[in-house]
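Input: a single structure, listed below in structure tokens.
Reminder, nothing fancy here: chain letters follow the sequence lines and each chain counts from 1.
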Amino acid sequence: MPGYNLKNLKCLVVDDNANMRSLLRTILATLGVRRKNIIEAFCVENALSELKAEEIDLVITDWKMEPVSGIDFVKRLRDEKSSPNPFIPIILLTGYTELERVLEARDAGVNEFLAKPISPKELYVRILSIIENPRPFIKTATYFGPDRRRQDLPFEGPDRRKPETHVAKKK
Amino acid sequence: MADQSFEEINVPNPLKNKVAFDENGIDADMLRRADDAVAALTDAYIFSAEKDVEDMKAVFVGITRKRNWRCEDMQRLYLLSHDMKGQAGTYDYHLLSKVCDKLCRFLEQGAELKSQISDLDLQVIEVHIRAIEFILKNHLTDEYKQQGDELLKGLESALQKALKEEQA
């Protein structure tokens, strides 16, 4: 049965825990990503260097890292002028599952949030979501990242995405 | 009034351009093989988790000396426990994950609510570390649910008693 073939995808795995990097490498490789296309970084500075040196397609990063956290890494990637690629798809892994943490991750500009414990299927579902449901990027005075509204759910108040209610400067 | 203007930027789908949709793509068989590959890492994980427990015991010695919720040893214990909480479930050690979650929660709340570390706090931390060691040593995976529930109940009771200690 046909499915998505990930062999050409170049992934950057960022985690300060060697076991977790090894687990992610195993999962990605078994899902078809070429081993040479799976790059590991043990800290944010290391990850930024890899992003400058390689053309990475997908970042999978842990949240809880020292000295710079995964959330700060996401903000740097999205917001800093020196970012190697502000539009790069990012999956954030975390042991935190509280709603406020999920919202914090969303507001930092992640594409997908994956709560631990992880499994091959859960990781694949997140990759699939980025492939099949890409979201435009939104730039406001306080946010830059994928559109935080995934669906057209009914809500009260003006729809700020509609040009007749607000000025949308489309490129 | 806050600036509510925004710019919508449509970027080409970055991943779709790099992946093919073909007969060699991901299907149910490939996902099963990935699950098997993860399961094959279990022994390596347990070996490394046992080393982490030794680290936990070492930092606990430091915590008993310093008796400070925000000391470096405490932060190290939190990190070890947080990592274990996140990883254990992948290898069917959900009980281990839950015990580590309780320990993380106790360390967070203790630092927030209590000014000093009491003898009871130290006992609660130590009993969690012992429980973690016991689970690993006896390979208490998800099939030991009843014993696991009893263990969690006991830990929760000790934890609540310690957290309420200063307020009483």
### More than 12 heavy atoms of other groups within 6.0 Å of B:Phe21 CZ
yes
### Message
Could you work out, with side-chain contact (heavy atoms from CB on, under 4.5 Å) as the rule, every residue matching A:Ala18, not counting sequence neighbours?
### Response
A:Arg21
#### Entry: Part of B:Thr90 within contact of chain A (heavy atom distance under 4.5 Å)
both
## Note on the structure
With chain B, the option among A:Thr142, A:Asn17, A:Asn8, A:Leu128 that has the most non-hydrogen atom pairs under 4.5 Å is A:Asn17
### Message
Checking B:Asn24 against A:Asn5: is there a side-chain donor and acceptor pair closer than 3.5 Å?
### Response
no
### Query
Are A:Tyr96 and A:Ile91 linked, directly or through other ILVMFWY residues, by side chains that come within less than 4.5 angstrom of each other?
yes
### Contact check, side chains of A:Ser119 and B:Val38, non-hydrogen atoms, under 4.5 Å
no
### Message
Please determine whether residues A:Ile90 and A:Leu103 belong to a single hydrophobic cluster, defined as Ile, Leu, Val, Met, Phe, Trp and Tyr linked transitively by side-chain heavy-atom distances below 4.5 Å.
### Response
no
## Note on the structure
Turns out that what part of A:Tyr143 lies under 4.5 Å from chain B's heavy atoms comes down to neither
### Query
What is the distance from atom CZ of B:Arg32 to atom OG1 of A:Thr30, rounded to the nearest 0.5 Å?
14.0 Å
## Note on the structure
Of B:Val19, B:Val11, B:Asp35, B:Asp22, the largest count of non-hydrogen pairs under 4.5 angstrom with chain A goes to B:Asp22
### Task
Find out if a path of hydrophobic residues (ILVMFWY) with successive side-chain heavy-atom gaps under 4.5 Å connects B:Leu113 to B:Leu155.
yes
### Query
Does atom NZ of A:Lys139 have more than 12 heavy-atom neighbours from other groups under 6.0 Å away?
no
### Task
Anything in residues 64-89 of chain B with a heavy-atom distance to chain A below 4.5 Å? Please list those residues in order.
B:Tyr78, B:Leu79, B:His82, B:Asp83, B:Lys85, B:Gly86, B:Gln87, B:Gly89
### Query
Is there a path from A:Ile118 to A:Val125 through hydrophobic residues (I, L, V, M, F, W, Y) whose side chains come within less than 4.5 Å of each other?
no
### Task
Any chance you could measure A:Thr26, atom OG1, to B:Asp36, atom CG, to the nearest 0.5 Å?
12.5 Å
### Query
If you round to the nearest 0.5 Å, how far is CD1 of B:Ile9 from CG of A:Asp147?
11.5 Å
### Query
Hey, which residues of residues 55-69 of chain A are touching chain B, say heavy atoms under 4.5 Å apart?
A:Asp57, A:Leu58, A:Lys64, A:Glu66
### Task
Would you name the heavy atoms of A:Ile138 and B:Glu8 that are closest together and state the gap between them?
CD1-CG, 3.9 Å
### Query
Do you know which of A:Gly32, A:Ser22, A:Pro89 has the most heavy-atom pairs with chain B at a distance under 4.5 angstrom?
A:Pro89
### Task
Quick one: which of B:Leu31, B:Asp27, B:Asp29, B:Asn17 has the most heavy-atom pairs under 4.5 Å with chain A, could you say?
B:Leu31
### Query
Any chance CD of B:Gln146 has more than 12 other-residue heavy atoms, nucleotides or ligands included, within less than 6.0 Å?
no
### Task
Check the surroundings of atom NZ in A:Lys121: do more than 12 heavy atoms from other residues, nucleotides or ligands lie under 6.0 Å from it?
no
### Task
Give me the contact list for residues 119-130 of chain B versus chain A, heavy atoms only, anything under 4.5 Å, ordered by residue number.
none
### Query
Do B:Phe47 and B:Tyr45 share a hydrophobic cluster, counting only Ile, Leu, Val, Met, Phe, Trp and Tyr and linking them when any side-chain heavy atoms are less than 4.5 Å apart?
no
### Task
Quick one: which of B:Glu23, B:Arg33, B:His94 has the most heavy-atom pairs under 4.5 Å with chain A, could you say?
B:Glu23
### Task
Check whether B:Leu41 gets within reach of chain A through its side chain, its backbone, both or neither, counting any heavy atom under 4.5 Å.
side chain
### Query
chain B heavy atoms under 4.5 Å from A:Tyr124: which part of the residue, side chain, backbone, both or neither?
side chain
### Query
Hey, mind stepping through B:Glu7 and A:Phe144 against side chain to side chain contact (heavy atoms under 4.5 Å, CB included) and telling me if it holds?
CA-CA 9 Å; B:Glu7 184 179 349; A:Phe144 178 73; over 6 Å; no
